[in-house]
Amino acid sequence: MKWTEFFIPTSKESPTEATVPSHQLMIRAGLIRQVVAGAYTYLPLGYRSLRKVEAIVREEMNRAGGIELHMPAMHPIEWWEQTGRVAAMGEVLLRLGGGSGDDWRSRTVLGPTHEEVITEIARAYLNSYKQLPVNFYQIQTKFRGEARPKSGVLRTREFLMKDAYSFHTAKEGAGGLDEGYQKMYDAYRAIFGRCGLPYIVVEAESGPIGGDASHEFMVPTEAGEDYLVQSEDGSYAANLERAAVAPLSDQHDGGNAPLREVHTPGFKTIDEVSGFLKCEPRKMIKTIIYEANGSPLVALVRGDHEVNEAKLGRFAGVGRVTPAGPDLIRKLTGAEVGFAGPVGLNARVIADQAVTVMHDAVTGANKTDYHITGVNAGRDFQIQESGDIRMAVEGDRAPNGSALAFKKCIEIGHVFKLGTKYSEAMDAKCLDADGKPKAFVMGCYGIGLNRIMAAAIEAFHDDKGISWPMSIAPFHVVICALDIREEAVTSLSQKLHDELGAAGIDVLLDDRDARPGFKFKDAELIGFPIRLTVGKKGLVEDLVELQIRRTGESQKVAPDQVVATVRRLVDTALRSERT
RNA sequence: CGGGGCGUAGCGCAGUCUGGUUAGCGCGCUUGACUGGGGGUCAAGAGGUCGCAGGUUCGAAUCCUGUCGCCCCGACCA
């Protein structure tokens, strides 16, 4: 491909709207152009990269036994009603408007994911356990009514996703969900490895759906919107929402202070009370009242900690917990909101482990405008149940005692054991070996293709521009033909271009009539892994220059050695990215 | 959805407070000349419903009202 016959609108400046590196560089390198908030055109150069990501994903999915199909973006809303997700997804579920309210438009949604559609396929065609297990996947455009698209292509309303769904008759055993899940997990490692991404697999929160396993594939970057925690010894990594923490030890600091009621008029929050009473938040017990299955559930955490509602629900064995409303709080505590405490409270109370090692604590008095100090568990109230029900914070340790580090990150893939949620809701079952109908046990597995591109740029860029992994670079090599009026330069450049192309190398020939610096800047901005420079100066000694973008190393190569040298560099890079 | 900011040429911006020539500047683009290993120089050009609608005024990019869009922080994120 020749530059002058291609289309690469690079730019020195980036729009003020772009604030994260991947967004700025994708615009400047001419990869994308925004159409509306959360939707982008992939310009030819950007599309080449996206297609390479897609090819890797497809290859590894096929290798793992996936079967590709293609589902529509338009779905009947009835199916979404069947699974209860019209309500669950709310505004995120995009609907066609403009109709009378009862025509096909208003009964059509744009799919943010495809569980419903694939489950219907399974219901229609998968009649026997003999057809299982099976794994269907597609690479398709998804639509989500994100409240706030941001960070370029990292969070958009329209994006390209690979979504796979596996069907089984059982969780365990040969052909079971566990096995199918593991296959996908392994395939994901292969995919992200080949894409050259510095990814981290973390335990993820599987949410109210349940299931014992869910993993997210994360790339650490400041532009991310999730946090992961990782133990120093590398043995533990989890999404912050999920992260388990080691118990805190008892410092035996105090424990003899008398229980005392203090007047705290209007001081309700931890900050207000700690400021008023001049005690540290860590000396306070935060008492949060939830509702679960219609009953009140009280959580106690240290004042400087936050309740992790998923952990709480799981620990309490109640599934989803929701914060209680003012009425229930008043009824339970006999006080206005802001003065709840464990002493004398008649409800199921679950204390975070950290609360069990507190002494002479401060907490609400269950009396409007009053708190109590000198509170000690065991003496002033009993802790019946305690465990890990809080969010991890800086300084916490993993369950094995290794220190936890926090990293901002972006999610690029997610594998998930769904179980029978959708198959039951949509009455999708097949006959098992025992002749009885069984709801499909399902898994689902997603990868954000656009995010892979952006994450790669976030991970690999410098002040000059992008530095692509070889596997997903739009071109492996750029040939900078300096001084195109020299016949020797153009003919050699063209020859190298043709030979490299014939050798299966993706090569772009910069044949523009521009000055050298201009071409170099563009080459570095776009981030071709390899740059070949053909110019008068080199030709005097019959050599061309070969430079590696990632390292900056350069070497002189004889023209007849170029193809072999480049081939070796490309292959080596592709191999190392695979691991 | 709450808070903040911004809409002037393809991109980056000035001008708006205090209304008044033909709305400017840089990058990019076109033509020509020079130049040619790190975004080069000179000259001549093209390119604008000042987001949109209404209002005030002799006169609106500028003032008023409404509206749309975009970005950032937060909330939300099966």
Side-chain angles (χ1 to χ4, degrees), chain A residues 8-20 23-24 27-30 33-40 43 80 83-94 109 111-116 119 142 144-152 154-157 159 161 163 204-211 214 216 223-226 239 241 310 320 410-411 414 416 418-419 421-422 425 442 444 446 448 464-465 480-486 489 510 512-526 531-540 543-545 547 552 554 556:
Chain A
I8 310 178
T10 60
S11 136
K12 245 192 275 195
E13 292 169 306
S14 82
T16 37
E17 276 92 63
T19 54
V20 303
H23 191 194
Q24 293 171 337
I27 292 171
R28 288 191 51 211
R33 180 169 174 83
Q34 180 168 338
V35 176
V36 289
Y40 291 83
L43 301 170
W80 286 77
T83 56
R85 293 171 101 194
V86 174
M89 300 207 79
E91 299 274 288
V92 173
L93 188 62
L94 277 180
V109 304
T113 172
H114 283 68
E115 280 82 4
E116 282 77 2
T119 303
K142 307 291 189 199
R144 294 190 187 182
E146 294 290 353
R148 185 152 94 80
K150 58 189 276 196
S151 307
L154 284 177
R155 188 172 189 78
T156 53
R157 293 195 174 126
F159 55 96
M161 180 166 156
D163 48 324
E205 191 49 66
S206 48
I209 296 170
S214 170
E216 285 169 337
E225 28 187 21
D226 287 320
N239 190 312
E241 298 167 3
R320 176 171 273 171
I410 185 78
E411 175 191 351
H414 197 163
F416 202 98
L418 281 178
K421 176 185 161 79
Y422 294 95
M442 297 170 56
C444 75
K464 298 193 193 100
C480 287
L482 306 187
D483 205 346
I484 58 161
R485 290 160 311 142
E486 293 285 326
V489 169
D510 188 349
R512 294 175 297 176
D513 183 7
R515 296 168 68 89
F518 189 86
K519 295 188 173 196
F520 293 154
K521 292 287 184 195
D522 264 354
E524 283 154 352
L525 172 62
I526 292 165
R531 187 184 86 197
L532 287 169
T533 306
V534 181
K536 271 195 299 206
K537 289 200 178 165
L539 290 187
V540 171
L543 291 170
V544 301
E545 184 197 343
Q547 189 170 56
S554 77
K556 306 272 190 185

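Hydrogens, waters and symmetry mates are skipped; everything else that's a heavy atom, side chains included, is used. Within every chain, numbering begins at 1; the chains are lettered A, B, ... in the order of the sequence lines, protein sequences first and strands thereafter.
- When Watson-Crick and G-U wobble pairs are counted only if both distances are under 3.5 Å, rG39(B) pairs with no nucleotide at all.
- With both ends at atom C1', the span from rU62(B) to rG51(B) equals 16 Å, rounded to whole Å.
- Mapped onto RNA chain B by nearest heavy atom, E146(A) and V20(A) fall at different nucleotides, with V20(A) at the one closer to the 5' end.
- The environment of CD in E91(A) is sparse: at most 12 heavy-atom neighbours from other residues, nucleotides or ligands sit within 6.0 Å.
- E17(A) places its CD atom 11 Å from the C1' atom of rG12(B), with the value rounded to the nearest Å.
- When the P atom is used for both rC63(B) and rU21(B), the distance is 16 Å, rounded to whole Å.
- To the nearest whole angstrom, the two P atoms, one in rG54(B) and one in rC50(B), are 13 Å apart.
- The listed nucleotides are rC13(B), rG10(B), rC72(B); the one nearest the side chain of T19(A) is rC72(B).
- Nucleotide rU22(B) is matched to nothing when pairs are restricted to Watson-Crick or G-U wobble geometry with both distances under 3.5 angstrom.
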Item to check | Residue pair L482(A), V489(A): steps toward the side chain to side chain contact (heavy atoms under 4.5 Å, CB included) verdict | outcome: CA-CA 7 Å; L482(A) 306 187; V489(A) 169; 5.6 Å; no

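- Backbone-only engagement by A37(A) is indicated by non-hydrogen atom pairs under 4.0 Å involving sugar-phosphate atoms exclusively.
- The distance between atom CZ of R33(A) and atom C1' of rC70(B), rounded to the nearest whole Å, is 13 Å.
- Applying the 3.5 Å distance criterion, the base of rG26(B) shares a donor-acceptor pair with the side chain of E13(A).
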Checklist entry - Taking it one step at a time, do S214(A) and H414(A) satisfy side chain to side chain donor-acceptor pair (under 3.5 Å)? => result CA-CA 7 Å; S214(A) 170; H414(A) 197 163; 2.7 Å; yes

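- Rounding to whole angstrom units, CE of residue M89(A) and P of rC77(B) are separated by 11 Å.
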Item to check | Criterion side chain to side chain contact (heavy atoms under 4.5 Å, CB included) on K464(A) and F520(A), from CA distance to verdict | outcome: CA-CA 10 Å; K464(A) 298 193 193 100; F520(A) 293 154; over 6 Å; no

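- Comparing rG20(B) with rG12(B), their P atoms are spaced 26 Å from each other, to the whole Å.
- Within the shown strands, nothing qualifies as a pairing partner of rA61(B) under the Watson-Crick or G-U definition with both distances less than 3.5 Å.
- Distance, M161(A) CE to rC77(B) C1': 13 Å, rounded to whole Å.
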Checklist entry - Which nucleotides of nucleotides 36-42 of chain B have their base under 4.0 Å from a protein heavy atom (B), which only their sugar-phosphate (S), and which neither (-), written as one string 5' to 3'? => result BBBBB--

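- Rounded to whole Å, the P atom of rA43(B) lies 12 Å from the corresponding atom of rC27(B).
- Contact annotation for T83(A): no contact, since no heavy-atom pair falls under 4.0 Å across all strands.
- In this structure, the CZ atom of R85(A) is 14 Å from the P atom of rC77(B), given to the nearest Å.
- Here the closest non-hydrogen pair linking T83(A) and Y422(A) is CG2-CD2, 3.7 Å.
- When the C1' atom is compared between rG47(B) and rU30(B), the two are found 10 Å apart, to the nearest whole Å.
- Here rA78(B) is the nucleotide among rC71(B), rA78(B), rC73(B) with the atom lying nearest to any side-chain atom of E115(A).
- With C1' as the reference atom, rC11(B) and rC58(B) are 38 Å apart, rounded to whole Å.
- Taking 3.5 Å as the limit, the base of rC76(B) and the side chain of R148(A) contain no donor-acceptor pair of atoms between them.
- Distance Y422(A) OH to rA78(B) P: 10 Å, rounded to the nearest Å.
- If you take atom P in rG66(B) and the same atom in rC76(B), they sit 31 Å apart, rounded to whole Å.
- Proximity of a side-chain donor or acceptor of E146(A) to a complementary backbone N or O of R148(A) within less than 3.5 Å is not detected.
- In plain terms, the two heavy atoms of A223(A) and S151(A) that are nearest each other are O-OG, 4.2 Å.
- The residues K421(A) and E115(A) are annotated as not salt-bridged, no charged nitrogen and carboxylate oxygen being separated by less than 4.0 angstrom.
- Within the shown strands, rG66(B) is the pairing partner of rC52(B) under the Watson-Crick or G-U definition, both distances less than 3.5 Å.
- The partner of rG2(B), taking Watson-Crick or G-U wobble pairs whose two distances both stay under 3.5 Å, is rC73(B).
- The distance from atom CD1 of I8(A) to atom P of rG28(B) is 18 Å, rounded to the nearest whole Å.
- Distance CZ (R144(A)) to P (rA78(B)): 9 Å, rounded to an integer number of Å.
- Across all strands shown, the partner of rG10(B) is rC27(B), judged by Watson-Crick or G-U wobble contacts whose two distances both fall under 3.5 Å.
- The pair R531(A)-E524(A) counts as a salt bridge, with a side-chain nitrogen and a carboxylate oxygen less than 4.0 angstrom apart.
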